[in-house]
> 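Pasting a structure here, questions to come.
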Amino acid sequence: MLWSDPPEEPPDELRRTETMVRRAGTVLAVATVVLLIIITLGP
């Protein structure tokens, strides 16, 4: 990469998509743990 090249920053849309995917993954992981605890303690 040359010093005259523009910086390779991802576009805003890609950045927003990455944030949403990361947030969805976190929510899914927490929901899975909560569901496993409920199933374990249930019966």
> Please say which of V33, V34, T40 ends up in a side-chain contact (heavy atoms from CB on, under 4.5 Å) with I37.
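Filter result, single survivor: V33.
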
> Can you give the donor-acceptor pairs under 3.5 Å from side chains of residues 14-29 to other protein atoms, not counting sequence neighbours?
residue : atom : partner : partner atom : Å
R15     : NH2  : P10     : O            : 2.7
T17     : OG1  : E13     : O            : 2.8
T19     : OG1  : R15     : O            : 2.9
T26     : OG1  : R22     : O            : 3.0

> Mind checking side-chain contact (heavy atoms from CB on, under 4.5 Å) for L36 and listing every partner two or more places apart, or none if nothing turns up?
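L36 satisfies side-chain contact (heavy atoms from CB on, under 4.5 Å) with T32 once adjacent residues are dropped.
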
